[in-house]
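Side chains are part of it too, since the values below use all heavy atoms of this structure and drop only hydrogens, waters and symmetry mates. A quick note: this is a predicted structure, and the numbers were derived from the prediction, not measured. Letters go in sequence order (proteins before strands), and every chain restarts at 1.
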Amino acid sequence: VVAAETPEGILLELRPAGLSSRFYAFALDWLIRLAVLYSALIAASLVGGIGVAFWLILFFALEWFYPVAFELSPAGATPGKRILGLRVVMDNGLPVTAAASVTRNLLRAADFLPFGYGFAIVSILLRSDCKRLGDLAAGTLVLHEPRKVPRIFLDAVAPVVPAMPLAPQDQAALVALAARAPRLTGERLDELAALAAVVSGDAGQSGPDVTRRVLGVAQWVLGHRS
Amino acid sequence: MTPLRFEQLYQDEWAELEALLDRVLGRKVDDSYAHTEVSGARVAALYRRACEHLALARARSYPAYIVDRLERMTANGHQLIYRRHEFGFARVKEMLAVDFPSAVRRQVRYVAVATATFLLPAIVIGLLVYWRPELILSVVSSDTAASFEQMYSPATDSIGRVRAATTDWVMFGFYIRNNIGIAFQCFAGGLFASLGSLFFLGYNGAFSGAMAGYLTERGLAPTFYSFIATHSAFELTAIVLSGAAGLRIGHALLAPGRLTRRQALVEATQDSAIILYGVTAMLLVAAGIEAFWSSATWLAPGIKYGVAAMCWTAVLGYFTFQGRRAA
């Protein structure tokens, strides 16, 4: 996780995208370009001379400026990246500027060396912020769009007054457990709740009832009162 | 304050901010805010409030969904408020009228080195090949040499690459792809401590020199020079300039001065990016001239040389005088 600070003093957490998701995004973009070029080639061969000319120009434009055009659109990503949930931003989390986008995409020629994006792959693997050479020069970052965190659904659980004072990190741990509860199997939830059973005064015990009481404390921490 | 109370207190503000941001960023909109007027001051005020709330929520370890919601809206607000505007025709005009030539002048040392790296091999190899034509075979294969000779022989309809059932337009597309690719290579090579730029500049210089020397020795000078004279004003300058941009970033990596290497690199790309915009435009012009003007055999060489002289004067004058601030 890379942090970028805003002028308001807020730290924005940016999650850089690693090699595999970027590779899949690149492969998708490559297929899209291939499909466009191929269909354009068919159209061009029907039209003849001037069609071939436009095909060559299209080839050039797609080769160098396909990523630039999409990165400067509001989505900030090529179709392949968008499907994978990736986006290109500046180091400070702002939308990518035209100069940065041009720089990072023209430097693909350097990333590509010695063959098959060799330098890009090494750079992405070695760096904790997963930048390839073009990203380094342009000051850009490829990141995962944050996924939406679901709300906590504990409607059926009655709030339970905690048996002991709870420090903020204890409260946070309980609430996090409650948030994960719907995605855990019953047995696993019971195991985890048993570790926290002291908060409801059931230290050393486990079982569905204890779990319900521990979740009840989480409900109480969230602000529900019976 | 409990998380629920916190959320109840402020969720109206959050919902309003989210709806405003969605509207401005062009995403799907919550209906209840669809018709309200978007006011910048309101967005800024709500954004600052959301920043405060985010700081509070983090400090108090509120549940992830609240922190996440606040993070999301502050990130969007940050993107919207601090977005840089650099588009529009006024910007393009300023780029061409001021930024590009003055960026080139700021980097004049790199331009000089790039010019020398291109010209020296061109002259040396050119003279060598003129003196002993068989040396051309150490630069290109015999087939290539023969095809070049055929291209510039006065007997062909149009000079340059052989046109088999193609049109000027096809060559336009070909030149765009080929030449701009070379220029971008010259730039990108700079990332390897300038070595790549030096190599591509020297290689292209040597190749051009070898061609010129060989064809001159073969007595094809009139067709060859009248062909290249005009578009080379744009093409060679552009290739040298993109090489200079590459040298600039390579030098920043080698000798970052008081900055870290990364800061130096990012700083170096600022002028380089502007130069690359200009280079791309110049190469488009060059490709147009090369395809439609240079190759026309019905034009007298005298006219071509005259136009070429004007183009060279214009290009050099543009980089020397254009966009200087009043003293």
Side-chain angles (χ1 to χ4, degrees), chain A residues 4 6-13 49-50 52-60 63-64 72 74 89 91-95 97-100 102-103 106-113 119 133-134 136-139 146 148-152 168-169 171-172 175-176 178-179 220-224, chain B residues 1-7 25-26 47-48 51-52 54-55 60-65 67-69 71-72 74-75 78-79 82-84 86-87 165-174 176-177 180-181 184-185 187-192 196 249 262 265-266 268-270 272-274 276-277:
Chain A
T6 73
E8 288 77 19
I10 293 295
L11 284 185
L12 297 176
E13 288 185 353
I50 201 150
V52 177
F54 277 109
W55 186 78
L56 281 166
I57 295 172
L58 179 73
F59 190 4
F60 160 76
E63 189 177 11
W64 293 100
L72 294 180
V89 296
D91 279 340
N92 53 11
L94 290 177
T97 63
V102 167
T103 307
L106 295 198
L107 285 175
R108 273 175 201 283
D111 272 307
F112 188 80
L113 295 172
F119 283 120
L133 305 183
L136 281 173
K148 209 165 181 176
V149 177
R151 293 186 63 92
I152 302 175
Q169 65 266 35
Q171 300 186 11
V175 172
W220 190 90
V221 167
L222 274 174
H224 291 283
Chain B
M1 190 186 299
T2 65
L4 276 186
R5 178 95 186 102
F6 186 71
E7 198 181 0
L25 295 174
Y47 166 67
R48 277 195 293 274
C51 285
E52 286 167 31
L54 175 59
R60 294 175 183 166
S61 309
Y62 281 159
Y65 75 93
V67 175
D68 171 67
R69 185 177 176 188
E71 276 179 356
R72 193 179 294 273
T74 46
H78 179 242
Q79 292 227 342
Y82 295 100
R83 182 183 293 265
R84 282 180 55 180
E86 53 170 31
F87 296 107
T166 52
T167 66
D168 288 346
W169 275 98
V170 177
M171 291 320 290
F172 179 56
F174 174 79
I176 286 180
R177 219 183 91 57
I180 302 192
F184 288 170
Q185 271 177 342
F187 166 66
L191 209 51
F192 305 109
I249 61 171
R262 202 167 131 194
L265 180 61
V266 170
T269 58
Q270 290 175 352
S272 301
I274 296 175
L276 280 175
Y277 293 147

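The shortest non-hydrogen separation linking A/A99 to B/A273 is CB-CB, 3.9 Å. For B/Y277 against A/A98, the heavy-atom pair with the smallest separation is OH-C, 3.2 Å.
In this structure, CD in B/E52 is found 8.5 Å from CD1 in A/I10, a value given to the nearest 0.5 Å. For the atom pair OG1 (B/T2) and CG (A/L222), the distance works out to 8.0 Å, reported to the nearest 0.5 Å. Atom CG of A/L94 is separated from atom CD of B/Q79 by 6.5 Å, given to the nearest 0.5 angstrom.
A search for side chain to side chain donor-acceptor pair (under 3.5 Å) contacts involving A/T6 returns A/E8, not counting sequence neighbours. With sequence neighbours excluded, no residue forms a salt bridge (charged side-chain N to carboxylate O under 4.0 Å, His left out) with B/R60.
Contacts of A/L11 with chain B are made by both backbone and side-chain atoms, with heavy-atom separations under 4.5 Å. Contacts of A/D91 with chain B are made by side-chain atoms alone, with heavy-atom separations under 4.5 Å and no backbone atom involved. Only the side chain of B/E7 comes within contact range of chain A, with at least one heavy atom under 4.5 Å from a heavy atom of that chain. Contacts of A/V221 with chain B are made by backbone atoms alone, with heavy-atom separations under 4.5 Å and no side-chain atom involved. Residue B/Y62 does not touch chain A at all, counting heavy-atom pairs closer than 4.5 Å.
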*asked:* Using side chain to side chain contact (heavy atoms under 4.5 Å, CB included), reason through B/E71 and A/L12 one step at a time and then give a plain yes or no.
replied: CA-CA 7 Å; B/E71 276 179 356; A/L12 297 176; over 6 Å; no
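Side-chain contact between B/H78 and A/P7 is present, with heavy atoms from C-beta onward closer than 4.5 Å.
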